[in-house]
Amino acid sequence: MTETPNLETPTAARSRTAATPDRAAPLKIAVPNKGRLSEQCLDLFTRAGIRLDYSHERKLFAEAREGRIKVLFLRAQDIPEFVADGVAHLGVTGHDIIAESGRPLDELIDLGFGSCRLVLAVPEESPIRTVEDLPKRVTCATSFPALTKAWFEARKVEARVIPVSGATEITPHLGIADVITDLTSTGSTLVMNGLREVDTLLRSSARLVATPGLGDGSMGREIEEFVFALRSVIAARGKRYLLADVPRTVLDEIRAFLPGIAGPTVVDVIGDEDMVAIHVVVDEAIIYDAVARLKRIGARGILVMPIDRMVA
Ligand code: AMP
């Protein structure tokens with residue numbers, strides 16, 4: 001038997017939230033149902049200890065923490081709307097989509113993935129090299145009409161903005177638009193389509209957003225715990241836990257090149273007065289050099305381990 005998710009209408013959700021805050025109600029989190037943010041978002045949840053139970057209808061929603069968390073799978077574009085209206089308490093989507101929606105939302109965490117930029121691009125052969133070269137009137141195709149209009153307005157350029165829902169890169173070559181604004185991450189799609197970047201309108205990455213004002217209400221504690229769990233995973237990114245037995249005499253030298261989060265923890269090694277065990281959190285980037293240096297100064301039993309979460 002399949003269940004349908006409890007997706008109330010925005011109006012119903014608004015009146016329920018305002019009139020009858022329900023302490024037993026699950027924390028509802030909207031996440032993208034597909035696309036580049038979806039997988040990384042679920043991976044982040046798993047690392048934070050939020051294991052999803054898909055025994056319902058996987059495509060629509062999943063539960064975690066014995067039903068105390070309900071994850072709703074929605075289109076990334078619709079998430080600002082659902083969160084702003086209180087249908088979901090929290091949501092994960094791109095900052096570009098949030099900004100384009102114009103909906104007031106509390107951005108709680110920059111999740112650090114899905115990085116991209118909304119850029120103004122022109123055909124390779126265009127004489128436009130900088131924003132100052134833009135003519136007084138321009139036709140621009142984009143799937144971000146609100147952000148694009150506002151950007152041209154601020155620069156006093158009269159722009160006819162043509163909304164498109166995909167394949168924006170092709171429009172200048174079809175004579176539909178002089179310029180485009182589009183998302184880019186590596187820049188290769190623009191180059192492949194004979195386009196050149198002129199300026200950046202917006203920098204984006206995935207964000208955790210909340211219904212405005214919810215943090216102070218009955219959901220405050222659940223939201224705080226969830227945010228705390230995600231932050232601890234983000235803090236552990238790029239970090240490793242390093243253990244080694246080292247000669248007591250080289251401790252000062254080690255402290256200088258392995259500062260760790262609060263300096264290495266030093267523990268006596270039973271049965272060997274001359275050696276101590278160090279435990280330290282280090283940046284992944286320096287592990288190669290750190291291990292080589294530790295070996296040179298007489299370290300033994302070096303272990304490097306991953307860290308799932310870091311709570312300072
Ligand atoms: P690029 O890496 O610049 O070649 O981008 C490849 C395609 O993915 C382009 O069509 C972009 O519009 C799109 N894109 C890149 N990064 C993102 C992102 N973070 N979110 C949504 N779309 C993106």
Side-chain angles (χ1 to χ4, degrees), residues 29-45 47 71-84 88 90-103 105 107-126 128-129 131 138-152 159 161-174 176-209 230 233-234 237-238:
I29 308 164
V31 309
N33 56 5
K34 58 180 181 195
R36 61 186 72 216
L37 300 183
S38 168
E39 213 167 287
Q40 294 190 74
C41 173
L42 295 179
D43 180 58
L44 174 65
F45 286 12
R47 283 172 195 274
V71 172
L72 314 173
F73 298 106
L74 298 166
R75 263 167 33 103
Q77 279 78 1
D78 296 335
I79 289 176
E81 193 74 20
F82 279 108
V83 177
L90 298 176
V92 172
T93 194
H95 175 63
D96 51 323
I97 295 171
I98 299 161
E100 176 67 18
S101 79
R103 300 299 309 251
L105 291 168
E107 280 198 20
L108 303 182
I109 318 180
D110 183 340
L111 300 173
F113 55 81
S115 299
C116 60
R117 290 174 304 124
L118 181 65
V119 299
L120 176 77
V122 296
E124 190 51 61
E125 62 283 4
S126 164
I128 301 166
R129 303 241 143 229
V131 177
V138 75
T139 304
C140 178
T142 183
S143 29
F144 292 84
L147 289 173
T148 302
K149 273 181 199 154
W151 188 84
F152 278 117
V161 173
I162 302 178
V164 292
S165 56
T168 317
E169 305 92 349
I170 203 77
T171 56
H173 305 297
L174 300 176
I176 298 170
D178 314 320
V179 302
I180 65 162
T181 67
D182 200 7
L183 292 181
T184 181
S185 74
T186 62
S188 60
T189 305
L190 290 177
V191 171
M192 256 166 42
N193 285 283
L195 298 169
R196 173 166 45 78
E197 241 182 75
V198 173
D199 205 10
T200 297
L201 283 73
L202 182 89
R203 288 178 188 280
S204 179
S205 55
R207 306 287 158 92
L208 178 75
V209 290
L230 295 199
V233 176
I234 294 166
R237 269 189 206 142

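Both ligands and their constituent atoms are indexed starting at 1 by order of listing. Computed from heavy atoms alone, side chains included, the values below leave out hydrogens, waters and symmetry copies.
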Under 3.5 Å, N or O to N or O, is Gly114 touching ligand 1 that way?
-> yes
Closest non-hydrogen protein atom to atom 10 (O) of ligand 1, residue and atom name please, with distance?
-> Glu169 OE2, 3.4 Å
Answer yes if the side chains of Ser115 and Ser205 hold a donor-acceptor pair under 3.5 Å, and no otherwise.
-> no
Polar-atom distance check: Thr184 versus ligand 1, any N or O pair below 3.5 Å?
-> yes
To which protein heavy atom is atom 1 (P) of ligand 1 closest, and what is the distance rounded to 0.1 Å?
-> Thr186 OG1, 3.3 Å
Can you tell me the protein heavy atom closest to atom 4 (O) of ligand 1 and the distance?
-> Thr189 OG1, 2.5 Å
For atom 20 (N) of ligand 1, what's the nearest protein heavy atom and its distance?
-> Arg36 CD, 3.4 Å
State, with a plain yes or no, whether a side-chain heavy atom of Val161 is found less than 4.5 Å away from one of Phe144.
-> no
Regarding Arg117 and Thr200, is there a side-chain donor-to-acceptor distance under 3.5 Å anywhere?
-> yes
In the protein, which heavy atom is nearest to atom 9 (C) of ligand 1, and how far is it?
-> Leu183 O, 3.8 Å
Supply the atom-to-atom distance Asp182 CG to Thr148 OG1, rounded to the nearest 0.5 angstrom.
-> 9.5 Å
Heavy atoms of other groups near Glu124 CD, more than 12 under 6.0 Å | yes
Close side-chain approach of Val31 and Val71, heavy atoms under 4.5 Å | yes
